[in-house]
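Notes to accompany the following structure.
Proteins get letters first, then strands, A, B, ... in listed order; numbering begins at 1 in each.
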Amino acid sequence: MRIATWNVNSIRTRQSHLLGWLNSAAPDAVGLQETKVEDSLFPRDVLEAAGYRCAISGQKSYNGVALLSREPIEDVRIGFSALLPGDSEAENLGEQRRVISGWIDGVRLLNLYVPNGSEVGSEKYQYKLAWLNCLRRYLDVQRQQGEALCMVGDFNIGLEDRDLHNPSRLSGGIMASELEREALQACLGDDLRDAFRLFEPDSGHWSWWDYRSAAWDRDRGWRIDHLYLDEELQQRALRCIIHKEERGREKPSDHAPVSIDLSDELPDADSGDELW
DNA sequence: ATGACTAGGTCACCTAGA
């Protein structure tokens with residue numbers, strides 16, 4: 001099973017890029033962020049024609065998340081409120097469409113578009129911290145459900161210095177400040193692991209390159225698009241790929257897709273004698 | 001170099017992104 005995440009920066013502008021990439025990378029399930037379109041205008045027809053079912057939570061101009069899947073998407077949950085009924089902050093944060101999850105082929109796929117935060121100390125930064133704190137409460141409930149969990153998205157956080165092209169200049173600033181890193185780390189607990197780091201310890205691997213400053217040509221990027229796996233799914237992880245070539249196309253999104261491959265079945269500890 | 005580029009909405013530049 002191949003699961004991917006991609007901030008497309010407008011699904012309508014990126015529609016042909018997306019269709020081409022779905023065809024070549026053939027993911028089974030995808031979390032999209034920044035669709036930037038209200039649900040009635042979401043290009044559901046062309047995606048269904050390409051073989052993907054859609055679960056969407058969008059809004060005009062900003063934000064917007066979606067799930068695509070070849071297999072049925074069951075038990076779709078939109079917003080934090082779906083697992084935090086009566087939580088007024090969860091309800092308020094739900095005005096921005098940034099959270100969607102679905103049950104796909106035995107996996108709870110949770111797709112997130114974490115707020116950017118603008119500038120450390122700003123009102124938007126406080127919103128980002130409050131949002132991450134709400135995510136922590138949401139995950140507390142999610143964990144109680146006992147479902148296999150894969151949490152993907154644009155986290156807008158370089159969690160460690162090796163995820164930044166210039167840590168000496170960028171560390172401590174927006175997307176790399178101590179408080180937001182701690183807030184995300186608190187969400188991860190001791191069970192959720194960054195799939196990319198299961199395979200690659202080195203720096204120099206990015207998923208986002210600023211449109212400005214010729215960041216792509218200079219390969220000055222950040223690794224802010226992540227897939228997190230719970231302990232059960234970590235056992236099934238085979239590889240994690242950043243589809244960097246998508247950032248090099250004409251009129252690209254500023255983010256590249258990232259995918260993981262999961263083996264079809266868990267290694268079975270009780271039957272290790274078949275092959276040996 | 002407190003910038004740079006891109007997308008959406010609305011209609012000339014503004015907000016927002018990260």
Side-chain angles (χ1 to χ4, degrees), chain A residues 5-19 21 31-43 56-66 93 95-99 111-132 135 152-181 183-184 196 203 205-226 242 244 246-258:
Chain A
T5 179
W6 196 5
N7 180 323
V8 290
N9 186 18
S10 170
I11 193 167
R12 288 178 291 178
T13 297
R14 227 62 65 196
Q15 188 179 117
S16 64
H17 297 70
L18 175 59
L19 290 171
W21 181 75
L32 299 175
Q33 307 88 36
E34 282 208 274
T35 53
K36 293 188 172 179
V37 67
E38 55 197 299
D39 292 352
S40 63
L41 297 175
F42 188 92
I56 61 181
S57 179
Q59 66 186 97
K60 199 172 178 177
S61 304
Y62 307 120
N63 310 311
V65 285
L93 294 172
E95 288 174 15
Q96 298 187 14
R97 304 294 203 237
R98 297 175 177 275
V99 180
N111 178 34
L112 305 173
Y113 175 44
V114 178
N116 166 264
S118 186
E119 200 178 326
V120 174
S122 68
E123 201 169 306
K124 288 178 182 173
Y125 182 70
Q126 294 306 322
Y127 185 94
K128 184 178 196 174
L129 295 177
W131 196 95
L132 289 165
L135 173 60
V152 311
D154 174 2
F155 286 82
N156 270 320
I157 295 174
L159 197 51
E160 301 174 294
D161 278 356
R162 58 181 167 166
D163 301 320
L164 289 50
H165 68 87
N166 185 348
S168 61
R169 188 169 67 84
L170 301 170
S171 190
I174 196 62
M175 300 197 296
S177 70
E178 196 173 342
L179 287 179
E180 60 194 293
R181 284 174 165 178
L184 177 53
F196 188 77
S203 185
H205 301 276
W206 323 124
S207 66
W208 172 77
W209 295 259
D210 200 320
Y211 285 126
R212 299 167 295 184
S213 318
W216 168 252
D217 293 328
R218 297 168 170 172
D219 198 27
R220 295 182 180 178
W222 296 58
R223 201 179 64 83
I224 57 177
D225 300 273
H226 308 151
I242 300 175
K244 190 177 173 180
E246 292 304 314
R247 181 62 178 82
R249 298 199 188 284
E250 283 291 307
K251 296 263 293 175
S253 167
D254 43 355
H255 296 252
V258 187

May I ask you to check whether A/S118 and A/Y127 show a side-chain donor-acceptor distance below 3.5 Å? no

Regarding A/T5 and A/D225, do their side chains bring together a donor and an acceptor under 3.5 Å, going by distance alone?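 Not at all, the side chains of A/T5 and A/D225 share no donor-acceptor pair under 3.5 Å.
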
Please report the distance, rounded to the nearest Å, between [atom1] in [X] and [atom2] in [N].
{"X": "A/D217", "N": "B/dC5", "atom1": "CG", "atom2": "P", "value": "12 Å"}
{"X": "A/W209", "N": "B/dT6", "atom1": "CH2", "atom2": "C1'", "value": "17 Å"}
{"X": "A/N166", "N": "B/dA1", "atom1": "CG", "atom2": "P", "value": "15 Å"}

A correct dot-bracket answer for DNA chain B, with pairs being Watson-Crick or G-U at under 3.5 Å, [ ] for crossing pairs and | for inter-strand pairs, is ....(((((...))))).

Residues in side chain to side chain donor-acceptor pair (under 3.5 Å) contact with [X], at least two apart in sequence or another chain:
{"X": "A/S168", "answer": "A/N166"}
{"X": "A/R223", "answer": "A/D163, A/D194"}
{"X": "A/K244", "answer": "none"}
{"X": "A/R220", "answer": "none"}

A/D254 meets the side-chain contact (heavy atoms from CB on, under 4.5 Å) criterion, sequence neighbours left out, with A/N9, A/W208, A/Y211, A/R247

Expressed as a whole number of Å, how far does the [atom1] atom of [N] sit from that of [M]?
{"N": "B/dC14", "M": "B/dT10", "atom1": "P", "value": "16 Å"}
{"N": "B/dC11", "M": "B/dT15", "atom1": "C1'", "value": "15 Å"}
{"N": "B/dA1", "M": "B/dA12", "atom1": "C1'", "value": "27 Å"}
{"N": "B/dT2", "M": "B/dA16", "atom1": "P", "value": "22 Å"}

Tell me whether the side-chain N/O atoms of A/R14 come closer than 4.0 Å to OP1 or OP2 in B/dA7. yes

Report all side-chain donor-acceptor pairs from residues 58-65 of chain A shorter than 3.5 Å, counting only partners two or more places apart or in another chain.
unit_1, atom_1, unit_2, atom_2, d
A/Q59, OE1, A/N63, ND2, 3.3
A/Q59, OE1, A/R97, N, 2.7
A/N63, OD1, A/R98, NH2, 3.1

Among pairs that include at least one residue of residues 205-214 of chain A, which meet salt bridge (charged side-chain N to carboxylate O under 4.0 Å, His left out), considering only residues two or more places apart or in two chains? A/D210-A/R212

Nucleotide by nucleotide, 5' to 3', does protein get under 4.0 Å of the base (B), only the sugar-phosphate (S), or neither (-) in nucleotides 8-18 of chain B, counting heavy atoms? SS-----BSBB

